[in-house]
Amino acid sequence: MIDTDFPGIAKRRAEILSDLGGLSKTPPTLVAVTKTQPDAALEEILAAGQRVFGENRVQEAYAHWADRRADYPDLELRLIGPLQSNKSEDAVRLFDVIETLDRPKLCRELAKAEEKTGQKRQYMIQVNTGEEPQKAGVAPDGVEELLRAARDQGLDVVGLMCIPPVEEPAGPHFALLAKIARRLGLTQLSMGMSADYDIAARFGATHVRVGSALFGARDYTA
């Protein structure tokens, strides 16, 4: 993996893209995770040509991107953190893709938000592949039922996402996610982060979510 000392975001982005290009016949899309990042970092990576971004919190995402969308009409914003049902309308207004669909109530609220705003979005179901009680996501054996509930509400579900347990090898979790997606006819897989995007690419990721490998160690006091 590459060095993650903070300056040189554009250089590290180019290195990650080169890594991804060598790992898969169809390289996954690089999703730059911009939570807690300052405006200077956002402007630097935008100048480098990055247009696909992941955010964990709706409110912070608005602060980062609401005023930038007019200047960058080709932005793609992806919600990659848990979504509270009462934030559904705000999320639908801002994000192009919501990756953290994990319960029937959220399906219903998002459907209402789409109807109210007139916006149709894409969704991914978050799968808790390690069945960790403290982590969001539906258990692997519940994905098909949730997919049916989402489609019953008219939501456009395009794929699956996961965050493997940190203390376990990521590969088996990525393989499981890919297997579930194939069985259900879903074509997109959001998996892999800074420490394991190379493994995810080998297992068929279509999107990798990379933060610290691009921007350096995150400042959680911000």
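Under a 3.5 Å cut-off, the side chain of Arg13 and the backbone N or O of Ile45 do not form any donor-acceptor pair. The backbone N or O of Asp19 lies less than 3.5 Å from no partner atom in the side chain of Asp198, so there is not a single donor-acceptor pair. A distance-only check finds a donor-acceptor pair linking the side chain of Ser194 to the backbone of Ser212 [under 3.5 Å]. Here the side chain of Arg78 pairs no donor or acceptor atom with the backbone of Glu99 at under 3.5 angstrom. A donor-acceptor pair is defined here as one N or O able to donate and one able to accept, closer than 3.5 Å; such a pair exists between the side chain of Arg209 and the backbone of Ser190. Looking only at distances, a side-chain donor or acceptor of Thr206 sits under 3.5 Å from a matching main-chain atom of Leu189. Under the 3.5 Å distance criterion, the side-chain polar atoms of Gln50 are matched with a main-chain donor or acceptor of Val52. Judged by distance alone, with hydrogens and angles left aside, the side-chain atoms of Thr129 form no donor-acceptor pair with the main-chain N or O of Pro164 at under 3.5 Å. No side-chain donor-acceptor contact under 3.5 Å links Gln122 to the backbone of Val158. Of the possible polar contacts, one joining the Arg12 side chain to the Ala213 backbone as a donor-acceptor pair under 3.5 Å is found.
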Problem set entry | Test side chain to side chain contact (heavy atoms under 4.5 Å, CB included) applied to Leu79 and Leu77, step by step | CA-CA 7 Å; Leu79 179 63; Leu77 301 181; over 6 Å; no

Exercise. Hey, mind stepping through Phe53 and Leu46 against side chain to side chain contact (heavy atoms under 4.5 Å, CB included) and telling me if it holds?
Worked result: CA-CA 10 Å; Phe53 296 92; Leu46 284 164; 3.8 Å; yes

Problem set entry | Working for side chain to side chain contact (heavy atoms under 4.5 Å, CB included), residues Ile80 and Asn56 | CA-CA 5 Å; Ile80 61 173; Asn56 282 61; 3.6 Å; yes

For this session: Please assess Val33 against Glu55 for the test side chain to side chain contact (heavy atoms under 4.5 Å, CB included), listing each intermediate value before the final yes or no.
Result: CA-CA 6 Å; Val33 178; Glu55 289 276 353; over 6 Å; no

For this session: Show the numbers, then the answer: is there a side-chain hydrogen bond (donor to acceptor under 3.5 Å, both in side chains) between Arg108 and Ser85?
Result: CA-CA 9 Å; Arg108 294 190 294 271; Ser85 297; over 6 Å; no

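The two residues Gly154 and Glu114 have their closest heavy-atom pair at O-OE1, 4.3 Å. Residue Val92 comes nearest to Ala113 through the heavy atom pair CG2-CB, 3.8 Å, listed as atom of the first residue, atom of the second, then distance. Residue Arg151 comes nearest to Leu186 through the heavy atom pair NH2-CD2, 3.5 Å, listed as atom of the first residue, atom of the second, then distance. Of all heavy-atom pairs between Leu160 and Ala181, the closest is CD1-N, 3.6 Å. The two atoms that bring Pro140 and Leu176 nearest to each other are CG-CD2, 4.0 Å, heavy atoms only. Of all non-hydrogen atoms in Ile98 and Ala91, the two that sit nearest each other are CD1-CB, 3.9 Å.
Within 6.0 Å of the CD atom in Glu145, the count of heavy atoms belonging to other residues, nucleotides or ligands does not exceed 12. Within 6.0 Å of NZ in Lys120 there are more than 12 heavy atoms belonging to other residues, nucleotides or ligands. Atom CG of Asp67 has 12 or fewer neighbouring heavy atoms from other residues, nucleotides or ligands inside a 6.0 Å radius. The local environment of CD in Glu115 is sparse, with at most 12 non-hydrogen atoms from other residues, nucleotides or ligands closer than 6.0 Å.
In this structure, Glu43 pairs ionically with Arg68, as a charged nitrogen and a carboxylate oxygen lie closer than 4.0 Å. Using a cutoff of 4.0 Å between basic side-chain nitrogens and carboxylate oxygens, Asp96 and Arg69 are scored as salt-bridged.
In this structure, CD in Gln84 is found 12.0 Å from CD in Glu109, a value given to the nearest 0.5 Å.
Under the side chain to side chain contact (heavy atoms under 4.5 Å, CB included) test applied with Lys35, the options Glu60, His64, Arg57 reduce to a single match, Glu60.
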